[in-house]
Amino acid sequence: MSLTVYNYLTRQKEPFEPLEPGRVYMYVCGPTVYDHAHIGHAKLYVAMDVVVRYLRFLGYKVRYVQNITDVGHLLDTGEDRIVKGARRERVEPMELVEIYTRSYFEDMDALGVVRPNISPRASCHIPEQIEMIKTLLEKGYAYEVDGNVYFSVEKFPEYGKLSGRKVEELEPGARVAVREEKRHPADFALWKKAEPEHILRWPSPWGWGYPGWHIECSAMATKYLGETFDIHGGGLENIFPHNECEIAQSEAATGKPFARYWILVGSLTVDGVKMSKSLGNVIRIKDALKRNRPEAIRTLILSAHYRGPMDYTEKAMQAAERGVERLHNTVRAVRLRLRDASPEGEPEPDVAEVLDAHRRAFTEAMDDDFNTPRALAALYELAREVNKWLDGGRDLTPASLAAIDTTFRELGGQVLGIIPDKLAPTGVEEETLAGLVEIILAIREEYRKAKDWARSDELRDRLAELGIVVEDRPEGPTWRLER
RNA sequence: GGCGACGUAGCCAAGGGGUAAGGCAGGGGUCUGCAAAACCCUUAUUCGCCGGUUCGAGUCCGGCCGUCGCCUCCA
């Protein structure tokens, strides 16, 4: 069985074969950094994160590029989002960009999203963008009007091949007034003239201005991944016009195919409707993380297929929280038994067999267009098998326990990112906490030996009030923090 | 209006011609000093609706209904 991916370009599942054996070159449209990231970003970037993690798990060397958009995205008013945000917060545009770039990485780190190999900023690649625009002008795919440069969609017959739109069907100027100077309503800006009061602007062959909204991705993807590369990822809502324009610009400029596989992620709604500031239902990642552990947020996202839509509800979030907790409980119990053992030799045959079967189910699911819900199911089923051994009083050998732990570590940890390497609390403060809890539990054990249930229960209850859940297992008491 | 996605149990969600994965919640048990955790059993004669193809259809075809998204900055 080998990896199959759904390619939006062909609208079908295809065997995945990178251009260069063993290497994958991948680009994903990154955020515009003018505000804190929300759970919609989380869905997209966690989904892409798992794609990258799985490719690496399969042994590919992946170069993952994800841009930071810090210029060029315009509001309806024609105003740059960054410029507007800067005015709102009374900071320099680049200061605003810095604030929210840091915030973005902070959130992604917290969610366990592995960092891209390169996070290029649009504002740092103005020369590359200008070069590409020059090429497009030279080749006759673009035209200049009074300091503005537009891409001529009629010159590129394949325009629409990704999104399935046809130029003729595009309704001209639904809300934004059609600019007189454009030859065709669907033509889009490559470079826009900036008035002197516009803060974000650069010199160009066409005078002072700033790049249009799609050109950065074309220029940076080409620069770091080559003219043709393997995977382009992004949110489905950006398929048109953004992704479509990227293809047009890039292929017109280079004369070569742009991305070979398009992997697009379905959108997220909250309680059935799209998040928007006007509705006031935007859930920031930072707020979600206050209520739910990162593994639970990832589990919720991965419990549905990446291509489909997802509706975020508190109920679904809770279900994910409880589900991932069960997985954690199993792994914690395995590690507890393994604590003082030296795992040498081979796992017991029947254990190895069960592990192999579930590993196979997991990889088969992932090979089928990253079917994380099915992969997750394999993990849950494995957890049940392991729990049966654990609670059935079976004396698993250290080698078996280690093999179980490794399986969860690799599939649940390395690939899905929902099982941390350390489930016991870590860090200086938490080490102190851990020490204190151990002391209290030792005292409680004294009470329990003396069958002083009243005192024993009181300790457990009071710990529970602090969110510390005590469990009396055959191998001794354990505890965990519950939110 | 055009384009697209989706509609499977109380909730989330796989499955895409061969007789409904998994998770959460609920019910009943086992274990426990009591719990918790865990395990076992249980919860869709049925997959939005109506037709059609087929020996056989959540699964394919046609129509209808509904939800959401995009077409305009958005991940």
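Protein chains get the first letters and strands the later ones, always in sequence-line order, with residue 1 at the start of each.
Each of B:A36, B:A38, B:C70 was ranked by its minimum atom distance to the side chain of A:E471; first place goes to B:A36. Taking every side-chain heavy atom of A:D472 into account, B:A35 is the closest of B:C39, B:C68, B:A35. You'll find that the side chain of A:H305 is closest to B:A14, out of B:A14, B:A38, B:A21. Taking only side-chain atoms of A:V469, from C-beta outward, the nucleotide of B:A37, B:C70, B:A36 with the closest atom is B:A36. For A:Y34, counting side-chain heavy atoms from C-beta on, the closest listed nucleotide (B:A37, B:A75, B:G33) is B:A75. For A:W213, the side-chain atoms get nearest to B:C73 when compared with the rest of B:C6, B:A75, B:C73. Among B:C68, B:C12, B:A75, the nucleotide with an atom closest to any side-chain atom of A:M275 is B:A75. Taking the side chain of A:N329 as heavy atoms from C-beta on, and the options B:A38, B:G23, B:A75, the nearest nucleotide is B:A38.
At a threshold of 4.0 Å, the pair A:D356-A:R359 does not count as salt-bridged, since none of the basic side-chain nitrogens sits closer than that to a carboxylate oxygen. Salt-bridge check for A:R183 with A:E154: failed, with every basic side-chain N at 4.0 Å or more from each acidic carboxylate O.
If you check the side chains of A:R326 and A:N329, you find no donor sitting under 3.5 Å from an acceptor.
Screening residues 40-51 of chain A for side chain to side chain donor-acceptor pair (under 3.5 Å) gives A:H38-A:H41, A:D49-A:R53, A:D49-A:R298 as the qualifying pairs, with residues at least two apart or on separate chains.
Between A:F188 and the choices A:F151, A:F156, A:W213, A:F240, the ring-ring contact (aromatic ring centres under 6.0 Å, His included) rule is met once, by A:F151.
Heavy-atom distances under 4.0 Å link RNA chain B to A:N371, A:P373, A:R374, A:A377 of residues 369-378 of chain A, given in residue order.
A:V470 comes within contact range of at least one nucleobase, with a heavy-atom separation under 4.0 Å. Within 4.0 Å (heavy atoms only), A:G272 reaches sugar-phosphate atoms of the nucleic acid but no base atom. Using a 4.0 Å heavy-atom cutoff across all strands shown, A:R460 reaches at least one base atom of the nucleic acid. Base engagement by A:G40 is indicated by at least one non-hydrogen atom pair under 4.0 Å involving a base atom. Heavy atoms of A:S456 sit under 4.0 angstrom from at least one base atom.
With centres under 5.5 Å and a plane angle under 30°, the ring of A:W453 is stacked against the base of B:G33.
OP1 and OP2 of B:C70 both lie 4.0 Å or more from every side-chain N or O belonging to A:R165. At B:A75, one or more side-chain N or O atoms of A:T32 fall inside 4.0 Å of OP1 or OP2 (strictly under the cut-off). Phosphate contact (OP1/OP2 of B:C40, side-chain N/O of A:K388, threshold under 4.0 Å): present.
Both cation-pi conditions hold for A:R115 and A:F105: the charged atom is under 6.0 angstrom from the six-membered ring centre and inside a 45 degree cone around its axis.
With sequence neighbours excluded, the residues satisfying side-chain hydrogen bond (donor to acceptor under 3.5 Å, both in side chains) with A:D287 are A:K290.
With both ends at atom C1', the span from B:A25 to B:A13 equals 14 Å, rounded to whole Å. Comparing the same atom, C1', in B:G2 and in B:U72 gives a spacing of 15 Å after rounding to whole Å. Look at the P atom in both B:A35 and B:G29: the space between them is 12 Å, to the nearest Å.
Checked by distance alone, A:K274 brings a side-chain donor or acceptor within 3.5 Å of a matching partner on the base of B:C74. Taking only distance into account, the side chain of A:R384 never meets the base of B:C39 through a donor-acceptor pair shorter than 3.5 Å.
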